[in-house]
Each structure stands twice: as C-alpha cells, then as structure tokens.
Amino acid sequence: MTLRLHDTATRETRDFVPLTPGRAGIYVCGLTVQSEPHVGHVRSAVNFDVLRRWLTATGHEVDFIRNVTDIDDKILAKSAEQGVHWYALAAAMKRELDAALASINVLPPTYEPGATGHVPEIVELIEQLVARGHAYAAEDGSGDVYFDVRSWPSYGELTRQRVEDMEPAGDADPRGKRDPRDFALWKGHKSETEPATAAWPSPWGPGRPGWHIECSAMAGKYLGPAFDIHGGGVDLRFPHHENEQAQSRAAGRPFASYWLHNAWITTAGEKMSKSLGNSMLIPSVLERVRGIELRYYIVAAHYRSHVEFSFEALEEAAKAFRRIEDFLDRAGVSAVASEVPAAFAAAMDDDLGTPAAVAVVHDLVRQGNSALSTGDSAAAGIAAQVRAMLGVLGLDPADPAWAGRGSDDRLTEVVDALVRGLLEERTAAREAKDWVRADAIRDRIKAAGVEVEDTPAGPKWSV
RNA sequence: GGUGGGUUGGCCGAGAGGCGAGGCAACGGACUGCAAAUCCGUCUACACGGGUUCAAAUCCCGUACCCACCUCCA
C-alpha cells in the first residue's frame, strides 16, 4: 500500500508519488515570530512532524524545510510598542517557539531559513518576475514592488477563485498599485517610521521583503524549482499560498506537487488568536499536562479536522495516553519492533489517519494487558509493536527527547526511598492482616499526593 | 458577493453505501482483605425534511445552524 495524501489544490486524496523515488522535499510555512506560541501554532508543527516521521519510517529520505518569518509589519509594530529592537523581539520569540516545539518532541527541521537571511535570493526572484512582466515597481516612488495579478491568468487556481469575485481590499492603501489585488513583493523603506535596521539594499532602493515572496525564494533555494509537498495552516491557502504559487510559477518554477493544510484549533468557536488569554500559551498548558500528553491530544485528531480546544478534552486525552504508558510500564522496558502493524500502516497511509492509527495502538494495548494478566509471553512482542507505532507518532515515552521533562530523576529517588519505608511497614501490616493500619498508611501516602497500587510484584507508587 | 469546511452517543473524536473505530465517563461482572490497575460485558449515535437503493451516518435534492478564507494570521 502506498501513502495517499489529500491535496487541497485538487481537493483529491491521491497517491503520493515523489519527484525522486525514495526522497521527499517538504516546505512548511512556520511562524511569524511576533508573539508567544499557543496551542494552535504547535498543532501545525506536530501535524507536519508526523508526516515527516511517517515518510521517514516508510523509507524516504526527507528534506524538511520550515521557515521562520523574522521581519514583517507586525514584528515592527509590536517591537515599536514595546520599545525594543525588532530583531530582539523576533529572536526572543524564536527562542520561545523552539522551546515550545522541543517540549512536544517536534523534530528540528532539516533547515530553518529566515527571511532576513535570504534577501539576495528574494531580490533575484523579484528581478526575474519584473523581467518576465509579472511585477512592477510602484509608480508613486514608494520603492514598493508589486506582483501584477492581471498578468498571470491562472492567478486564483490554488483556491479556485476568480480574480473578479475577490473582495477588493477596501482598507488597503492602494498606493501605486495597478490593481487593488496586486500584492507587495518588496516594501520600500519608510525612513520616518521604520528603523534603519529594517531595510536592505535592492535595485528599487532600500526596503524589506513582502511576506509571500520569502517562501517562494527559500523553497526554491533549498528544495529546487519543483518539490513534493508544501504545508501550512488552512488560513494560509489564501492569500499566502496562492501568492507563493503565482510568484513561483510566473518565474518559471513548477513549485509544489501536493498542498497540505491543517485545520484550526479554536476555543469556544473562536480563533485562538482572537480569544487568546495566556492560558492557551504553551508554557501554561504544560502546567496542566505534560508535553507528551499535549502531543497525544493533537495527534489523536485528524490533521484536517477542526478541533475545539478545551482543558477537559485535553485532560481526557492525557488519561487515555496514560493508559498506553501504563501498559508499557507493566510490560517492562522492551525493544522496538522493526515493523509497524499492518492496520497501523494502512491508517497512516490513508492521508495520515492518526485517529485510526491511535485506535490500533489502543487495541494492541488491550491485547497486551490481557496477555500480561494471563502471563502470556506475547506481551513483550506487543509492547515492542506499541513502541514502534508511538515512535512514528513522536509519542514513545522512552524516547530520550522526553527525558528530563516532567520528573526529576534525583527527586524520584528521594521520594522512592521515603515511600518505600512506609510501604514496607504497610506490607508487614497486610501480612498480619491488620487492614486498618495498612489502609491508614496508604491514606497517609495518598494525602501527600502519591497513589499506591498493589500488584503481583508488590506495591507500586506513582504521583 | 465568491471560495472551502462542518453538525455523529453523557463527553471527546473516527468513519464516507451493508459488517458497532478508539478513548473518557457511567453501570454490571471477574480479580482484590478493601482499593487501584487490568480483563469481560452493558449504554446501538449520526442537525432537520424529502428522495435514490434490497440496504443510507455515508449518495441526491431542499432547509436550518455553525466555522474559516477573500491581501495581518498555524
């Protein structure tokens, strides 16, 4: 069976056929580093991380490029408000993003280019577009350069919209545009309002890149004129991805073969960016659940399904994940199977059907628990398969990526030593059938937040 | 106005013509000194109104409501 992906450009789920067999080039639009990352932001990263891991697991060599927009209107506006350098704000937010992604085990991209480091490539691409008659310098002397939407007949093809039907940007300043729908490739420097550091030299005078052009330039540089998969959030389909494709194709580059878009996470029906309090920011969410549990929550929903975020649902997901973890604990440290079960592979091949894939994990967990309770030796093999599946989803609790998060090893040793003494007393009481005393000890430990379970192998404690 | 998506059991969340995804919660049973964990079982749902079909949550027509995008957005 081969991987099938839902291509939002054609609205079809079709076989993934890489341009070069055994290789996959993926470009994902990352974040504009202008504020702290929230749950919605990391969903996109997790979704495409799962795609990457599955392609890798099925024998592809993956080139995974995720950009970071480190200069734009918002960064400039926010930094001005806060009285800091724009690059200081961008760098600080980039560190927050890195920390958030690391906390949920999102693999670092093969390379993570930023717009500010690719001005020459951007300028070169704009020059190509001007030379081909698809872009023009603004006639108002602003130093802006615009893409000429009317010069590119297939503009709108990605989102199946006709230029005439598009709502003209009423609020936008038409400046030197030939058509209100033309968009900026290059933004001339505004020396009276913008810092001098936010400008780079260009044939059209000092300025900075427009938002869309950076992705075309960087995808082209690292993945070539044609590459396999372009990803991002649904909101980026238009205008961002439409414009990226128009720019790239107008410059003679075939661009992406498949377009993948992840759906939103909302709160109370609203976009997170609108309703956002601090509680949806990653550090606060991680005060409620562990990173691996947050990741499970994201992975358990299909990437194209809208998710209504709630802490109740998140905590429920955490419980479901602990069931998987508990099984692995009970089964003991195991190997990782080299192959994933066929039902799991089939689910993943079907447009990354992680919900069905997670259901397969749970089926195996139940079988494994059953084997453990009857002393069946199959349990170890099942645990190895479970670990293999979790690995693909980035959810293997034994992955060193999770180490050091959630529990401190030295502290665990200290607690273990203290609790063990009490448990020995309790065991003695139980052997003497002194249930009152045994339960009193268990209650005392519980009052400190430690649960005790009696297992055939003796008492076990957990926080 | 244009474009795309949605409405599934107490809850979360899959599925896309027949064969009950999975989890959480609840209830019953097994196990246990009692628990916990685990296992077995129970709870038979698809917004509404028509239609097609031997068979519809799934296809078609209509209606209602919700969400996203239309140049800041993951």
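In the text below, chain A, chain B and the rest are named by the order of the sequence lines, each starting its count at 1.
For rA74(B), the OP1/OP2 oxygens have no side-chain nitrogen or oxygen of N262(A) closer than 4.0 Å. Between S305(A) and the phosphate of rA14(B), there is a side-chain N or O to OP1/OP2 separation shorter than 4.0 Å. For rA74(B), the OP1/OP2 oxygens have a side-chain nitrogen or oxygen of H41(A) closer than 4.0 Å.
Remark: the separation of the P atoms in rG49(B) and rG13(B) is 25 Å, to the nearest Å. For the C1' atom pair drawn from rU53(B) and rU58(B), the interatomic distance equals 13 Å after rounding to whole Å. The gap from the C1' atom of rA25(B) to that of rG10(B) amounts to 7 Å, rounded to the nearest Å. Between the P atoms of rA74(B) and rG6(B), the separation comes to 23 Å (whole Å). With both ends at atom C1', the span from rC46(B) to rC72(B) equals 38 Å, rounded to whole Å. Distance check on atom C1': rC61(B) versus rA26(B) gives 41 Å, rounded to whole Å. The separation of rA37(B) from rG23(B), taken at their P atoms, amounts to 15 Å, rounded to a whole angstrom. With both ends at atom P, the span from rA64(B) to rA21(B) equals 32 Å, rounded to whole Å.
Taking only side-chain atoms of H362(A), from C-beta outward, the nucleotide of rU71(B), rC72(B), rG23(B) with the closest atom is rG23(B). The side chain of V307(A) lies closest to rG13(B) when the candidates are rA14(B), rG13(B), rC69(B). Nearest to the side-chain atoms of S44(A) among the listed nucleotides rA36(B), rA14(B), rA74(B) stands rA74(B). Comparing rG15(B), rC34(B), rC67(B) against the side chain of R430(A) picks out rC34(B) as the nearest. Listed nucleotides rA74(B), rU71(B), rC67(B) differ in distance to R181(A); the shortest reach to its side chain belongs to rU71(B). Out of rU38(B), rG22(B), rA74(B), the shortest distance to the side chain of A359(A) is found at rG22(B). The side chain of D454(A) sits closest to rA35(B) out of rA35(B), rG23(B), rG2(B). Each of rA68(B), rC24(B), rA14(B) was ranked by its minimum atom distance to the side chain of E316(A); first place goes to rC24(B). Which of rU71(B), rA14(B), rC12(B) sits closest to the side chain of A313(A) comes down to rC12(B).
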Verdict with reasoning, L393(A) to F344(A), per side-chain contact (heavy atoms from CB on, under 4.5 Å): CA-CA 11 Å; L393(A) 302 174; F344(A) 179 90; 4.1 Å; yes

Derivation and outcome, side-chain contact (heavy atoms from CB on, under 4.5 Å), residues F327(A) and V386(A): CA-CA 10 Å; F327(A) 162 64; V386(A) 168; 4.0 Å; yes

Intermediate values then yes/no, side-chain contact (heavy atoms from CB on, under 4.5 Å), V358(A) and M389(A): CA-CA 9 Å; V358(A) 166; M389(A) 293 187 281; over 6 Å; no

Test log, rule side-chain contact (heavy atoms from CB on, under 4.5 Å), inputs E293(A) and L314(A): CA-CA 8 Å; E293(A) 292 163 347; L314(A) 180 63; 6.0 Å; no

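In this structure, the ring of Y27(A) has its center no less than 6.0 angstrom from the ring center of Y222(A).
For rC70(B), the base has no donor-acceptor partner in the side chain of D235(A) [N/O atoms by modelled type, under 3.5 angstrom]. Put simply, the side chain of K74(A) and the base of rC72(B) share a donor and an acceptor less than 3.5 Å apart. Counting atom types as modelled, D363(A) pairs no side-chain N or O with a base atom of rG22(B) as donor and acceptor under 3.5 Å. Side-chain to base pairing of R442(A) with rA35(B): one donor and one acceptor N or O lie within less than 3.5 Å of each other. Side-chain atoms of R323(A) and base atoms of rG23(B) include no donor and acceptor less than 3.5 Å apart. No N or O donor and acceptor, one from the side chain of R162(A) and one from the base of rC70(B), sit under 3.5 Å apart.
D326(A) comes within 4.0 angstrom of no nucleic acid atom, judged by non-hydrogen atoms across all strands. Residue-level contact check: R160(A) touches the backbone only, with heavy atoms under 4.0 Å from sugar-phosphate atoms and none from bases. Among the atoms of the strands shown, base atoms are found under 4.0 Å from some heavy atom of R426(A). Nucleic acid contact for G156(A): none, since no nucleic acid atom lies under 4.0 Å from a heavy atom of the residue. Within 4.0 Å (heavy atoms only), G40(A) reaches at least one base atom of the nucleic acid. Across all strands, H240(A) comes closer than 4.0 Å to no nucleic acid atom at all (heavy-atom distances). Using a 4.0 Å heavy-atom cutoff across all strands shown, A320(A) reaches sugar-phosphate atoms only and no base atom. Among the atoms of the strands shown, base atoms are found under 4.0 Å from some heavy atom of D439(A). Looking at heavy-atom distances under 4.0 Å, V360(A) makes no contact with the nucleic acid at all. Heavy atoms of Y155(A) sit under 4.0 angstrom from at least one base atom.
Here rG6(B) presents its C1' atom at 14 Å from NE2 of H6(A), a figure rounded to the nearest Å. Rounded to an integer number of Å, the gap from CG of N369(A) to P of rC31(B) is 19 Å. For Y303(A) and rA74(B), the OH to C1' distance is 15 Å, given to the nearest whole Å. To the nearest angstrom, P of rA74(B) lies 13 Å from CD of E244(A). Atoms CD (Q245(A)) and C1' (rC69(B)) sit 16 Å apart, rounded to a whole Å. Rounded to a whole Å, the CZ atom of F238(A) is 13 Å from the P atom of rC69(B).
Applying the Watson-Crick and G-U wobble criteria (two distances, each under 3.5 Å), rA25(B) pairs with nothing in any strand. Pairing for rA30(B) goes to rU38(B), judged as Watson-Crick or G-U wobble with the two contacts each under 3.5 Å. Across all strands shown, the partner of rC48(B) is rG62(B), judged by Watson-Crick or G-U wobble contacts whose two distances both fall under 3.5 Å. With a 3.5 Å ceiling on both atom-pair distances, the Watson-Crick or G-U wobble partner of rG1(B) is rC70(B). rA14(B) makes up no base pair with any nucleotide shown, lacking Watson-Crick or G-U wobble contacts both under 3.5 Å.
A cation-pi geometry, defined here as NZ or CZ lying under 6.0 Å from the six-membered ring centre and within 45° of its normal, holds between R288(A) and F311(A). By the 6.0 Å and 45° rule, R53(A) does not stack over the aromatic ring of F48(A). With Y136(A) as the aromatic partner, R178(A) meets the cation-pi criteria of under 6.0 angstrom to the ring centre and within 45 degrees of the ring axis.
L107(A) is not listed as a side-chain neighbour of F64(A), based on a closest heavy-atom distance of 4.5 Å or more. Between L97(A) and E36(A) there is no side-chain heavy-atom pair separated by less than 4.5 Å.
Each of R11(A) and A263(A) has a nearest nucleotide on RNA chain B; the 5'-most of these lies closest to R11(A). Taking the nucleotide of RNA chain B with the nearest heavy atom to each of V149(A) and L31(A), the more 5' of the two is matched to V149(A).
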